[in-house]
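Being a predicted model, the structure only gives us computed values, none of them experimental.
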Amino acid sequence: MFFRTSSAPPSGRSRGGGRIRTLAIAAIALATTATTLVPTAAATADGPAGDRVSRVKAGSLSATIRYTEYGIPHITASDYTRLGFGSGWAQAADQVCVLADGFVTLRAERSRHFGAAAKPENALSGGRTNLSSDLYFQGLRDTRTAGRLLARPAPQGPSRQVKDLLRGWARGYNAWLAQNETDDPACRGRSWVRPVDVNDLALLSHAMTATAGQVMATEGIVAATPPATGAARAASDAAVDPDRAVRGARELFDHARRSMGSNAVAFHGDTTANGRGLLLGNPHYPWQGGRRFWQSHQTIPGELNVAGGSLLGSPVVNIGYNRHVAWSHTVSTGTPMNLHELTLDPKDPTVYLVDGERERMRKRTVTVEVKDGAPVTRTQWWTRYGPVVNGLGRELPLPWTADRAYAVGDPNASHMRFFDTGLALGKARSTGGMLKGLNRTQGLPWVNTVAADSRGGTLYTQSQVLPRITDALAERCSTALGRAVYPAAGLAVLDGSRASCAPGTDKDAVQPGTFGPGKMPTLKDAPYAANSNDSAWLANADRPIRGYERVFGDLDTSRSLRTRGGIEDLAAMTRRGGLTVEDAQRLQFANRTPAGDMAAADTARACAALPGGSATATDGAVVDVSAACGVLERWDRTTDADSRGALLFQRFWNRLTGALPEERLWRTPFSAADPVRTPHTLATDEPAVARALADTVQELRSVNTALDAPWGEHHFVERGGSRIPVHGGPHELGVWNMMIGVWDPAVGGYTEMVHGTSHIQAVTWDGSRCPVARTLLTYGQSSNPLSPHSSDQTRLMAEKKWVTPRFCEKDILASPELRVVTVRERA
């Protein structure tokens with residue numbers, strides 16, 4: 001399927017060329033069977049049915065879906081239920097296997113279908129095995145968590161509009177299942193591809209919002225066990241080492257943020273060619289699995305008209321644009337969980353003390369079915385603060401001893417406002433209106449928001465749901481462990497024996513125990529406002545944000561190379577002015593490597609100065625590295641596909657930064673007075689520099705890879721039996737166009753992308769009713785390898801081309817690939 005891009009004329013092979021055709025619109029009435037979700041007054045296993053009773057009769061739903069180039073659906077409906085119906089249908093058509101696999105997770109049936117020991121896909125689960133994942137979600141189902149989330153009245157709970165969207169989405173998904181058979185080999189003919197209900201979507205919302213909190217603690221929750229009695233119990237009473245805890249907490253949260261990173265920048269009208277705002281959104285999300293984005297255009301005439309990317313299973317656009325605003329999100333540095341250190345009754349480790357009074361933990365006995373084996377039963381323990389955990393991943397063990405235990409608190413585990421926030425952003429008419437929507441819904445769990453509007457305004461805000469842990473509360477209530485971990489990593493460990501040490505509530509907060517909008521780090525109408533997963537401090541380096549609590553992020557600390565390189569580029573663009581969408585596109589794919597700018601020349605000089613042109617590798621071998629010196633010197637300091645030297649430098653840099661902490665890597669240390677330019681000057685006298693160079697040359701030669709091999713020859717994906725080179729590079733190099741690949745030592749290359757640049761959008765306005773937008777979904781709309789839309793946009797990306805999306809009616813009707821489908825239920 002061919003289509004014009006922003007950098008190429010219409011292809012001669014496009015059907016109908018560029019002219020507007022007379023369209024014969026075939027309304028295809030598609031039917032469901034009795035297996036679709038029929039709203040009734042009956043209760044389900046997860047809770048009362050009161051909020052699930054739909055006013056739309058069974059079999060009466062329909063929506064119009066108009067597909068344009070690259071399989072992008074434009075869904076038009078008369079109300080929210082029908083819009084949800086069309087969205088659920090269209091998502092199923094593109095992503096049924098990934099969605100169905102996620103619903104198996106949410107139904108706690110992974111062990112039953114795939115075996116207890118297998119590893120679940122981590123989009124919705126924090127478990128290391130299917131068994132631990134199932135034990136967690138079965139606990140939620142047994143306690144009817146979904147029903148409680150749905151039943152909570154707005155504004156604490158979901159709005160009527162979101163409930164209607166969810167009902168419609170479930171019925172649309174089920175209708176597609178009833179009327180279609182997928183040819184995707186990932187789930188074709190599988191028994192676990194089944195209809196869903198609104199409870200499944202409520203648990204999906206929980207898994208999305210609590211992913212950086214309670215869900216991340218899955219292993220610790222399902223494995224927490226009271227200590228043994230007697231001498232064995234006494235021997236288990238070992239305190240957590242604070243230094244190890246600091247390292248573990250930093251590693252835990254750094255990994256979580258980098259596994260879903262992002263960049264975004266909004267330019268003010270004072271810096272643009274047309275006086276209107278300009279947004280570039282560049283979320284870094286997984287290329288496979290349930291955290292993929294999916295593109296659509298949603299319209300309820302006179303009510304909603306928004307386009308962009310949705311997370312799979314979301315009934316709303318999560319990152320997108322409309323006639324007036326455009327927005328993107330970046331993973332924030334806020335810590336959405338905290339720990340409570342419990343003082344236990346010496347006679348019973350399942351009883352804890354609060355203000356001298358005994359409270360018994362709530363016992364949950366959970367049973368899950370296992371493939372080819374007997375059911376497994378485990379016990380979970382819950383407190384007033386949340387579930388007891390025996391650790392946060394492998395990084396931070398938290399042993400349950402005779403005198404203490406730890407409970408994890410996560411306010412995002414007990415709300416369902418995420419979709420309402422997305423809906424509010426999609427309906428906004430200005431950045432001020434977006435901020436009002438954020439303040440009203442308070443539903444973002446772990447992201448910042450960066451936005452621009454057609455009036456020229458910009459916005460950065462870290463409006464997210466965080467436990468209300470002020471620095472004063474942490475000072476007053478931190479345990480010994482908390483006094484080490486909170487300043488270093490933002491993870492509070494509070495004294496659970498004092499009720500007064502629980503997080504408080506701001507007067508303007510929708511949810512008890514959280515911060516209100518007045519405390520959120522926010523920057524309005526700056527010349528540029530940006531974030532690359534560092535804290536709010538330098539959203540604009542000339543207008544630093546201060547005064548926020550440590551739980552939001554740090555201050556006066558070293559920034560990542562991606563943040564530093566981004567600020568340099570954005571500040572230069574702002575000074576130049578006259579910015580256009582094309583400037584945003586060029587920034588996205590410039591592929592400049594700040595690490596290379598800072599260190600490649602010094603490395604080349606140090607290489608040339610090595611006696612005899614040789615260095616000693618880690619294994620003791622003496623390696624001739626002389627050829628590497630010239631390669632590094634000539635390298636263009638980019639990760640373009642044809643860049644020669646990028647592979648050599650990246651493998652070298654990966655080793656070097658793994659061997660040396662920042663304070664030893666650079667000769668000039670970090671200075672808070674000059675945070676963009678420091679630290680700098682590579683410490684080439686460190687023995688690790690020569691050793692890393694020797695190891696890298698040795699590695700590449702061992703697989704017959706030339707030291708000056710083009711980056712794209714060894715950084716690629718395989719689709720449809722052919723290789724597609726992928727430009728961009730990893731976080732450690734500081735590349736804005738971040739791409740994280742899987743290194744295959746057998747071939748000396750990165751042969752698949754794990755995560756990175758995903759749903760990109762560059763958006764401005766020109767005074768008409770049609771936004772000026774360019775988008776790209778790097779991995780395509782469909783995860784089905786047999787779909788024509790499984791890699792069509794990946795091939796565009798390889799050529800640095802973009803999609804010009806069709807937002808206005810005239811543009812949709814002019815699409816040479818227009819296909820119109822009316823989808824319906826049958827009574």
Side-chain angles (χ1 to χ4, degrees), residues 39 41 43-44 46-56 77 79-85 87 140 144-171 197-210 298 300 303-304 306 310-311 313-318 327 336 410-429 433-447 449 461 463-468 505-518 520:
T44 70
D46 258 350
D51 274 332
R52 291 190 297 283
V53 178
S54 176
R55 298 172 183 171
V56 181
D79 58 36
Y80 286 98
T81 306
R82 289 174 173 83
L83 183 67
F85 178 81
S87 297
L140 298 182
R144 300 189 175 186
T145 297
R148 292 200 308 273
L149 291 174
L150 285 165
R152 188 164 293 155
Q156 287 195 30
S159 67
R160 170 59 58 187
Q161 293 169 333
V162 164
K163 290 178 182 178
D164 287 346
L165 280 167
L166 293 172
R167 291 189 190 99
W169 196 100
R171 289 169 66 172
D197 63 20
V198 179
N199 289 301
D200 294 316
L201 295 178
L203 287 180
L204 184 144
S205 172
H206 166 87
M208 286 180 174
T209 56
Q298 296 184 328
I300 301 175
E303 172 73 12
L304 178 71
V306 62
S310 302
L311 294 172
S314 169
V316 302
V317 169
N318 299 112
W327 78 98
D410 178 10
N412 286 293
S414 57
H415 80 83
M416 198 178 156
R417 300 187 301 275
F418 181 52
F419 299 143
D420 271 295
T421 298
L423 187 59
L425 296 176
K427 296 170 73 172
R429 299 173 65 88
M434 300 184 88
L435 191 57
K436 288 180 181 178
L438 289 165
N439 293 348
R440 174 174 54 82
T441 58
Q442 298 179 32
L444 294 180
W446 31 264
V447 292
T449 301
T461 182
S463 296
Q464 66 171 120
V465 179
L466 290 176
R468 190 186 180 280
T505 303
D506 282 340
K507 292 181 179 180
D508 55 346
V510 165
Q511 180 177 344
T514 64
F515 286 102
M520 305 296 168

Gap separating the [atom1] atom of [X] from the [atom2] atom of [Y], nearest 0.5 angstrom:
X      : Y      : atom1 : atom2 : value
Thr81  : Leu165 : OG1   : CG    : 7.5 Å
His206 : Thr145 : NE2   : OG1   : 7.0 Å
Leu83  : Gln161 : CG    : CD    : 11.0 Å
Gln442 : Arg440 : CD    : CZ    : 10.5 Å
Arg160 : Tyr80  : CZ    : OH    : 13.5 Å
Leu201 : Met416 : CG    : CE    : 7.5 Å

Whether the side chain of [X] engages the backbone of [Y] through a donor-acceptor N/O pair (distance < 3.5 Å, no angle test) should be reported.
X      : Y      : value
Asp197 : Asp200 : yes
Asp506 : Gly518 : no
Lys163 : Leu150 : yes
Ser310 : Val316 : yes
Gln464 : Pro336 : no
Trp446 : Ala210 : no

For a quick test of reading the model, state the closest non-hydrogen atom pair linking [X] to [Y] and the distance between them.
X      : Y      : answer
Ser463 : Leu435 : OG-CD1, 4.4 Å
Thr514 : Pro411 : CG2-CB, 3.7 Å
Leu166 : Pro315 : CD2-CG, 3.7 Å
Gly513 : Thr505 : N-OG1, 2.6 Å
Gly437 : Thr441 : O-OG1, 2.8 Å
Pro467 : Phe515 : O-CE1, 3.1 Å

Residues two or more places apart in sequence or in another chain: which of them pass side chain to side chain donor-acceptor pair (under 3.5 Å) with Gln298?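 Side chain to side chain donor-acceptor pair (under 3.5 Å) check on Gln298 returns Ser87.
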Using the test side chain to side chain donor-acceptor pair (under 3.5 Å), find all partners of Asn439 that sit at least two apart in sequence or belong to another chain.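 Partners of Asn439 under the side chain to side chain donor-acceptor pair (under 3.5 Å) test: none.
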Assess whether side-chain contact (heavy atoms from CB on, under 4.5 Å) is satisfied between Asp164 and Asp79, documenting all intermediate values. CA-CA 9 Å; Asp164 287 346; Asp79 58 36; over 6 Å; no
Can you run down the salt bridge (Lys or Arg N to Asp or Glu O under 4.0 Å) pairs that involve residues 410-421, sequence neighbours left out, and say none if there aren't any?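 Every candidate salt bridge (Lys or Arg N to Asp or Glu O under 4.0 Å) pair involving residues 410-421 fails, so no pair, neighbours aside, qualifies.
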Could you work out, with side chain to side chain contact (heavy atoms under 4.5 Å, CB included) as the rule, every residue matching [X], not counting sequence neighbours?
X      : value
Thr209 : Ser205, Asn412, His415, Phe418, Pro445
Gln156 : Arg152, Val510, Pro512
Ala154 : none

I want to check something: taking the side chain as every heavy atom from C-beta on, are Leu438 and Thr421 in contact at a cut-off of under 4.5 Å?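 Leu438 reaches Thr421 side chain to side chain.
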